[in-house]
Amino acid sequence: MLRETTDAAVTARFFGDFSVHVCGRPVERWRAGKARSLFQYLLVNRGRVVTRDKLYQVLWPDQEWSPTGSSLKVAMHGVRQVLHAVDSDEPAVEIVNRDHGYLLKADDVWLDLDEFSSAIDTARAAELAGDHPKALRHYTRAVDLCPGDFLATESGDWIDEQRACSKALVLQALHYLRADALRRSDRLGAVRMCQRLLAVDPYQEELYQTLMVVHGRQGELGQVQTWYDICLRRLQHELDVEPTETTYRIFARAIRGELREKAMAA
């Protein structure tokens with residue numbers, strides 16, 4: 001079930017710029033080094049023991065783990081100090097040593113990443129069950145939870161992997177919403193969904209075809225030309241591939257007014 005952030009002792013947003021609140025207080029000052037990255041990884045993996053070896057692979061991929069190394073201890077000390085500064089009475093977050101690793105314990109947590117995954121799973125199940133209104137509602141919720149990429153301003157192998165997975169799921173949701181808009185002849189909705197899809201993946205040729213058809217039916221030939229030019233530039237110049245014959249055919253028919261005439265005749 002989807003929860004609102006106001007219900008939780010710990011809230012964190014990973015999509016776009018990272019932010020976290022503990023007991024309603026923002027955590028804004030992170031010590032130098034890997035404290036912030038360490039906390040992010042442990043929070044996503046809360047309730048599970050993460051070994052020191054794994055943390056070194058994630059945070060210092062170019063260094064070999066050593067039991068005598070101090071980098072992880074320094075980062076962990078930084079995390080605990082930051083948390084203590086905002087959460088000193090009855091800790092909502094606790095990090096304990098466990099089995100050659102660390103375990104982040106937090107019972108009352110809201111993460112946009114969790115809510116996003118829940119919304120996608122619920123929407124997909126509803127879609128398969130033929131419950132279109134429910135699927136539409138939860139796909140919309142999933143998209144609304146993603147104002148930007150996962151940890152958009154940060155990098156790392158685990159971040160890149162999560163970002164790629166999240167993008168794939170966002171694309172799935174947006175394609176469903178686009179198809180719904182087209183079924184309802186919602187021109188503006190279809191254009192909006194295409195633009196959001198292109199912001200995630202600018203090389204989906206089918207989206208340019210949809211945009212040309214939508215604008216062609218309205219007789220907006222300037223927009224048809226614009227999207228055709230963008231499509232060619234991105235595919236030919238950036239990917240070094242040719243558009244399909246379908247794209248050329250849609251453009252030619254739209255420019256000749258055939259799409260508008262067909263729509264008007266209908």
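These numbers come from the heavy atoms of this one structure, side chains and all, not from hydrogens, waters or symmetry mates.
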query: Quick check: are there more than 12 heavy atoms from other residues, nucleotides or ligands sitting under 6.0 Å from CZ of Arg192?
result: no

task: Could you tell me whether a side-chain N or O of Lys134 sits under 3.5 Å from a main-chain N or O of Ala126, the two making a donor and an acceptor?
output: no

message: Taking Tyr248 as the starting point, is it possible to reach Trp227 by hopping between hydrophobic residues whose side chains are less than 4.5 Å apart?
response: yes

task: Measure the spacing between CG of Asp53 and CG of Leu72 and express it to the nearest 0.5 Å.
output: 10.5 Å

field: Polar side-chain atom of Arg178 near backbone of Cys194 as donor-acceptor pair, under 3.5 Å
entry: no

message: Regarding Asp180 and His132, do their side chains bring together a donor and an acceptor under 3.5 Å, going by distance alone?
response: yes

task: Step by step, work out the salt bridge (charged side-chain N to carboxylate O under 4.0 Å, His left out) result for Arg141 and Asp144.
output: CA-CA 5 Å; Arg141 168 68 169 168; Asp144 289 344; over 6 Å; no

query: Would you call the rings of Tyr139 and Tyr176 parallel, tilted or perpendicular if under 30° counts as parallel and over 60° as perpendicular?
result: tilted

message: Is there a continuous path of hydrophobic side-chain contacts, each under 4.5 Å between heavy atoms, that joins Leu197 to Ile230?
response: yes

task: On the 0 to 90° scale, with breaks at 30° and 60°, tag the Trp158-Phe150 ring pair as parallel, tilted or perpendicular.
output: perpendicular

message: Tell me the closest heavy-atom pair linking Leu259 and Val213, and the distance in Å.
response: CD1-CA, 3.9 Å

- line: So CZ of Phe39 and CH2 of Trp30: to nearest 0.5 Å the spacing works out to 5.0 Å

message: How close do Tyr56 and Ser71 get, counting heavy atoms only, and between which atoms?
response: OH-N, 3.7 Å

statement: Looking only at heavy atoms, the pair that brings Cys23 and Ala92 closest together is SG-CB, 4.1 Å

query: Can you tell me how far the NE2 atom of His77 sits from the CG atom of Leu38, to the nearest 0.5 Å?
result: 13.0 Å

query: Between Gln218 and Gln223, does any side-chain donor sit less than 3.5 Å from a side-chain acceptor?
result: no

message: I'd like to know whether CZ of Arg29 has more than 12 heavy-atom contacts from other residues, nucleotides or ligands below 6.0 angstrom.
response: no

Non-hydrogen atoms of Pro202 and Tyr208 that approach each other most closely: O-OH, 2.6 Å

- prompt: Do Leu207 and Leu235 sit in the same hydrophobic cluster, where Ile, Leu, Val, Met, Phe, Trp and Tyr count as joined when their side-chain heavy atoms come under 4.5 Å apart?
  reply: no

query: Looking just at side-chain N and O atoms, do Gln204 and His175 make a donor-acceptor pair shorter than 3.5 Å?
result: yes

task: Using atom types as modelled and distance alone, determine if a side-chain donor or acceptor of Ser118 lies under 3.5 Å from a backbone N or O of Asp114.
output: no

- line: Rounding to 0.5 Å, atoms SG (Cys146) and CZ (Arg196) come to a distance of 8.0 Å

message: Can you give me the closest heavy-atom contact between Thr140 and Leu136, atom names plus distance?
response: OG1-O, 2.8 Å

query: For the atom pair CE (Met212) and CG (Leu221), what is the distance rounded to the nearest 0.5 Å?
result: 12.5 Å

- prompt: Which atom pair, heavy atoms only, marks the closest approach of Ala173 to Val143?
  reply: CB-CG2, 3.7 Å

Side-chain H-bond candidate by donor/acceptor type, Gln209 with Thr246, under 3.5 Å: no

- line: The reported gap from CG in Leu232 to CZ in Arg234 (rounded to nearest 0.5 angstrom) is 12.0 Å

field: Common cluster, Val93/Val49, ILVMFWY with side-chain heavy-atom separation under 4.5 Å
entry: no

message: Test of understanding: clusters of I, L, V, M, F, W, Y form through side-chain heavy atoms closer than 4.5 Å, transitively. Do Leu103 and Tyr41 belong to the same one?
response: no

field: Basic-acidic side-chain contact under 4.0 Å: Asp160, Arg163
entry: yes

